[in-house]
Amino acid sequence: MSRKHSKKRIGVALLVGGTILSFVLYTGFLREVGFDGSPEGHDHSDVYHEESHLHDHEEGHTHSHSGDVSHDEDSEHEEDHEHNDGHHADHEHSHAAESVSRQFYATPEPDRVILNVTETPEKSLAINWRTDTTVVENFLEWAVATSGPEFQANVSRVPARKETLRVKHGDEPVIRANYFSAELNNLTPGARYVYRVGSSSGWSEWHQVRMPRPDRLAFIYFGDAQNDIKSLWSRVIREAYKTTPDVDFMLHAGDLINRHDHDLEWGEWFYAGNFIHATIPGVMTPGNHEYGTGVKLSPNWRPQFNLPKNGPKGLEETCYVVNYSNLKVISLDAEQIDESPYYQEKQARWLDSVLTNDPRKWTAVTLHYPFFSTKPNRDNEKLRGTFKPILDKHRVDIVLQGHDHAYGRGMVNNVTAGAGVKDTKSGTMYVVSVSGPKMYDVSNDPWMQRKARNTQLFQIISIEGDKLTYQAYTASGELYDAFDLIKSGKKPNKVVNRIPATPERQ
């Protein structure tokens, strides 16, 4: 049964510098519908846009594109009303929006510095950053790390590639910036390096990074950040770093931001992670909120990231594979699977190929939409029907997902015939998680061995030899879930649950 929620509008007027600024606040039900409308379906919520095209999915989803407010059947008319009022309010406080966003404007000095994984992450790094458009030339300088400042006597310099991004969201100002990228190759696994980026117009600080070690690996996994990123997600990524700072990469399972073309939100995402982004490489997979009208990828995605281009043609830097000595990480573009039969088939064939060729002891797949949902009345049957037989065939170890704004994880049996089979005894471990503040209900589906609602989490996963160790922590740093996966030859992985005594958050 769908739910209707009443919303209240509160008019607010502020006197700033002799000018009255007025806007409308909407109060709603964060726990049930989050910030952007319908509790069901894949949505692209954006109260500033008036465009939308809605269509029903075979699964019973209502899915809207572009950064628009999402709708369920009972709230579509009401949401349209709210949407138009929000657009009017945006006109009235556009000057206020400009003053807020100025904190994220580019300057001649590099910012938004980020490390990205490469196809060969133990021996290479990819680095991105930006400046304002007055800077047309930038460099990457690097050296082997030393215990003192003497590394400065042995610095190498790499010229960076440049591309200019112009992006505009609603009635906010146009944002222009030059984005730079460079790579470092032939590095030594396990060694530490320092680097900085910039030019005579300004340099970043020296950042330090340790290359992955072939014999053991650790990483942090985040579900959707999406909303109130600076305000409410910052503490999550920082708590994760405080808990386990010596990790090899961070994995973001889609919906890093809420509106695909909103540079201010990307600014908040970089602000929240700050130097962490610059010292730990990232694995980013896009969610539905990284896409806009016409299944158009965020204009920021490729300029600001520098991800592998080894996936199907047309899905560069969204569908790709990363190969460590003992782990293969695969990113699937879930929105293209959901929206494009052409790219769904291409990704399925590609996935089967990369799992067949050059396998690793451990395999992790990440994508935004869950194979098995935590949300009541949501079922991604089309995704599961096409891709679960491939995961079962190759006995993928773990699948890391987002989208449902709750937590759930469980082992599901590897059965090549019957994509809906659920068995908690053996097979692939499926995880759905959320790191931001937007929350949905969680179902009582028996596939979940541990679940939570209204909880921001981060997960730390480590691999050494035949053992994968998984720990899920709440935003306050409390251990909420834990298990080990143990390999035993050709037999299915053995799961050893280490769930703490903490009651489930309902």
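As a basis for the values below, the full set of heavy atoms in this structure was taken, side chains included, without hydrogen atoms, waters or symmetry mates. FYI, the numbering just counts along the sequence from 1.
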_Salt-bridge present (K242, E239; N to O < 4.0 Å)_ = yes
*Taking all non-hydrogen atoms of both residues, which atom of L297 and which atom of P286 are closest, and how far apart?*
CD1-CB, 4.3 Å
*Counting only N and O atoms by type, is there a donor-acceptor contact under 3.5 Å from the side chain of N306 to the main-chain atoms of N128?*
no
*What about the rings of Y369 and H403, do their centers lie closer together than 6.0 Å?*
yes
*asked:* Can a donor-acceptor pair be found, under 3.5 Å and without considering hydrogens, that links the side chain of T474 to the backbone of E478?
replied: yes
*Give a yes/no verdict on a cation-pi contact between R453 and Y440, requiring under 6.0 Å between NZ or CZ and the six-membered ring centre and an angle within 45° of the axis.*
no
_Working for salt bridge (Lys or Arg N to Asp or Glu O under 4.0 Å), residues D224 and K438_ = CA-CA 9 Å; D224 309 37; K438 175 180 171 182; over 6 Å; no
*For the student: nearest non-hydrogen atoms of A472 and Y407, plus distance*: CB-OH, 3.8 Å
*Do you know which two heavy atoms are closest between V167 and D261, and how far apart they sit?*
CG2-O, 3.4 Å
*Y291 and D333: CA distance, side-chain angles, deciding distance, side-chain hydrogen bond (donor to acceptor under 3.5 Å, both in side chains) verdict*: CA-CA 11 Å; Y291 278 93; D333 191 327; 2.5 Å; yes
*asked:* Show the nearest heavy-atom pair for residues M448 and T374, with the distance to one decimal.
replied: SD-CG2, 3.7 Å
*By side-chain contact (heavy atoms from CB on, under 4.5 Å) - contacts of D215 (at least two apart)*: R213
*asked:* side-chain hydrogen bond (donor to acceptor under 3.5 Å, both in side chains) for T318 and W301? Distances and angles first, verdict last.
replied: CA-CA 9 Å; T318 63; W301 188 270; over 6 Å; no
*Contacts of type side-chain hydrogen bond (donor to acceptor under 3.5 Å, both in side chains), residue N274, not counting sequence neighbours*: none
*Would you mind checking if E183 and R161 are paired as a salt bridge, meaning a charged N to carboxylate O distance below 4.0 Å?*
yes
_Residues D397, K487: salt bridge by 4.0 Å N-O rule_ = yes
*Shortest non-hydrogen contact from Q449 to M411?*
OE1-N, 3.2 Å
*asked:* Check for me whether the distance between the ring centres of F249 and Y324 falls short of 6.0 Å.
replied: yes
*Would you mind telling me which of L307, L251, I330 makes a side chain to side chain contact (heavy atoms under 4.5 Å, CB included) with V283?*
L251
*Kindly determine whether D248 and R210 satisfy salt bridge (Lys or Arg N to Asp or Glu O under 4.0 Å), including the steps that lead there.*
CA-CA 8 Å; D248 298 287; R210 177 188 55 76; 3.2 Å; yes
*Is the F270-H277 ring centre distance short of 6.0 angstrom?*
yes
*Considering only NZ, NE, NH1 and NH2 on the basic side and carboxylate oxygens on the acidic side, decide whether D481 and R498 come within less than 4.0 Å.*
no
*Is a donor on one side and an acceptor on the other found under 3.5 Å between the side chain of N227 and the backbone of N258?*
no
*In this structure, which one of Q304, Q226, H252, K230 forms a side chain to side chain contact (heavy atoms under 4.5 Å, CB included) with W269?*
H252
*Where the side chain of R395 meets the backbone of K491, is there a donor-acceptor pair that is under 3.5 Å apart?*
yes
*Please tell me if the side chains of V495 and N497 come closer than 4.5 Å, counting only heavy atoms from C-beta onward.*
yes
*Between T366 and L400, is there a donor-acceptor pair closer than 3.5 Å when you use the side chain of the first and the backbone of the second?*
yes
*Go through D263 and H169 one step at a time and tell me if the side-chain hydrogen bond (donor to acceptor under 3.5 Å, both in side chains) criterion holds.*
CA-CA 8 Å; D263 188 79; H169 174 74; over 6 Å; no
*Within the distance-only criterion (no hydrogens, no angle test), does the side chain of Q401 pair as donor or acceptor with the backbone N or O of A253 below 3.5 angstrom?*
no
*How long is the span from the CG atom in D404 to the CG atom in N380, to the nearest 0.5 Å?*
7.0 Å
*What residues form a side-chain contact (heavy atoms from CB on, under 4.5 Å) with K313, not counting sequence neighbours?*
E316, K346
*Without swapping roles, check the side chain of S462 against the backbone of A218 for a donor-acceptor pair under 3.5 Å.*
no
